[in-house]
Amino acid sequence: KGKASLKSRIGCLKDEAAVTYRSSNPSKIRVDKNGNMTPINKGTATLTAKVRQNGRTYTLKQKVRSLTISQEALPKKGKILEYRVGKYRVTKAAKVNGTGITAGMVEFAGVTSKAGFSLEIPEKIKVDGAEYKVTAVGQNALKNSKKIKKLVLGKNISVIKKGAFARTQSLRNIRIKSPKMTAGSIARGAFSGTYKKLQITIPKEKKSLYKSWLYKAGVSRSAKFILK
């Protein structure tokens, strides 16, 4: 945890001794030219020090485990993360603090080739030790999808962007768990061209508001709403 020195483990060196350092896994632990080790991400690495002294070369290898994550290792804003069969774009980076990692935020950006007919966009995801709230469905996230038939939107989603589900004719059933939508948070055109008899489950306390906003977003008047 924190910085440590590989040089201190070598022992006595003469002034003319030449030492080089290398990490087998710098994405987990880095070592600089002076032998100082810095943990980057959780995991292990073998650190090697080569010492040339008195015409001979000596090699020291040390296996080290990192138990911490550095800010440098965490994905920056705009980075695409994969979680299960979904792709998520970082909208607010997670941050390392004194006691752990403060959660970041992401928006759903699409699916991987492994996606099936049913998809759930969760409340939050966890990638490489950092947690992210899923707060939005990104622009054109599932536009023209021909595979997804059933979709669940998690409780933290407050924004559905333009074209998010446009022309997803395969989609037959959507459940919106989130009560956090507000006027204008479901973009016009988000549902344009979707199946006319789409079945949509919405929070019962948001019945009138959600129906009105979804119609404006392109949901057909023939769609069926279920309250839950």
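Here, residue 1 is the first one in the sequence, and each next residue gets the next number.
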Following the transitive rule for hydrophobic clusters with a side-chain heavy-atom cut-off under 4.5 Å over Ile, Leu, Val, Met, Phe, Trp and Tyr, establish whether [X] and [Y] coincide in one cluster.
X	Y	answer
Leu142	Ile80	no
Ile160	Leu119	yes
Tyr195	Val137	no
Tyr215	Val159	no
Ile40	Ile29	no

- side chain to side chain contact (heavy atoms under 4.5 Å, CB included) assessment of Lys150 paired with Phe117: CA-CA 6 Å; Lys150 185 177 181 181; Phe117 298 108; over 6 Å; no

- Between Phe165 and Phe191, how do the two ring planes meet: parallel, tilted or perpendicular, split at 30° and 60°? tilted

[atom1] of [X]: more than 12 outside heavy atoms within 6.0 angstrom?
X	atom1	value
Lys206	NZ	yes
Lys147	NZ	yes
Lys28	NZ	yes

- What residue pairs, at least two apart or across chains, pass ring-ring contact (aromatic ring centres under 6.0 Å, His included) with a residue in residues 68-100? Tyr88-Phe108

- Quick one: ring-ring contact (aromatic ring centres under 6.0 Å, His included) partners of Tyr210, sequence neighbours excluded? Trp213

Side chain [X], main chain [Y], donor-acceptor under 3.5 Å:
X	Y	answer
Asn140	Lys143	no
Thr91	Met105	yes
Ser158	Lys180	no
Ser66	Pro39	no
Asp32	Asn34	yes
Lys61	Leu47	no
Ser170	Ile148	yes
Glu123	Ser178	no
Gln71	Val96	yes

Residue list, side-chain hydrogen bond (donor to acceptor under 3.5 Å, both in side chains) with [X], at least two apart or on another chain:
X	value
Ser220	none
Glu72	Arg30
Ser70	none

- Item | pair Val106-Lys133: side-chain heavy atoms closer than 4.5 Å |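 In short, these two side chains do not touch, never coming nearer than 4.5 Å.
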
- Query: Can you check whether Thr59 reaches Thr48 side chain to side chain, under 4.5 Å on heavy atoms?
  - Reply: yes

- Message: Do Arg52 and Tyr58 form a cation-pi contact, if we require the NZ or CZ to be under 6.0 Å from the six-membered ring centre and within 45 degrees of the ring's axis?
- Response: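 Arg52 over Tyr58 ring: no.
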
Point-to-point distance, once rounded to the nearest 0.5 Å, from [atom1] of [X] to [atom2] of [Y]:
X	Y	atom1	atom2	value
Lys177	Thr201	NZ	OG1	11.0 Å
Ile226	Ile202	CD1	CD1	10.0 Å
Leu151	Glu120	CG	CD	9.0 Å
Ile121	Lys155	CD1	NZ	16.0 Å
Leu227	Glu205	CG	CD	9.5 Å
Leu81	Asp128	CG	CG	8.0 Å

Can you see which heavy atom on [X] is nearest to which on [Y], and at what distance?
X	Y	value
Ser23	Ala45	OG-CB, 3.7 Å
Lys161	Ala190	O-CB, 3.6 Å
Val19	Ala49	CG1-CB, 4.5 Å
Ala166	Gly189	CB-O, 3.9 Å
Ala130	Ile101	CB-CG2, 4.2 Å
Ala217	Ile186	CB-CG2, 3.5 Å

- Message: Show every salt bridge (Lys or Arg N to Asp or Glu O under 4.0 Å) that has at least one partner inside residues 77-105, sequence neighbours left out.
- Response: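 Non-adjacent pairs meeting salt bridge (Lys or Arg N to Asp or Glu O under 4.0 Å): Arg89-Glu107.
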
- List the steps, then state whether side chain to side chain contact (heavy atoms under 4.5 Å, CB included) holds for Ile200 with Ile176. CA-CA 7 Å; Ile200 307 174; Ile176 300 175; 4.2 Å; yes

- Query: With no hydrogens and no angle check, do the side chains of Asn156 and Thr135 hold a donor and an acceptor under 3.5 Å apart?
  - Reply: no

- Stepwise, does the side chain to side chain contact (heavy atoms under 4.5 Å, CB included) test hold for Lys146 with Gln169? CA-CA 7 Å; Lys146 294 178 174 61; Gln169 280 289 318; over 6 Å; no

- Query: How far apart are the C-alpha atoms of Ile69 and Lys42, what are their side-chain angles, what is the distance that settles it, and do they pass the side chain to side chain contact (heavy atoms under 4.5 Å, CB included) test?
  - Reply: CA-CA 6 Å; Ile69 298 176; Lys42 291 181 180 180; 3.9 Å; yes

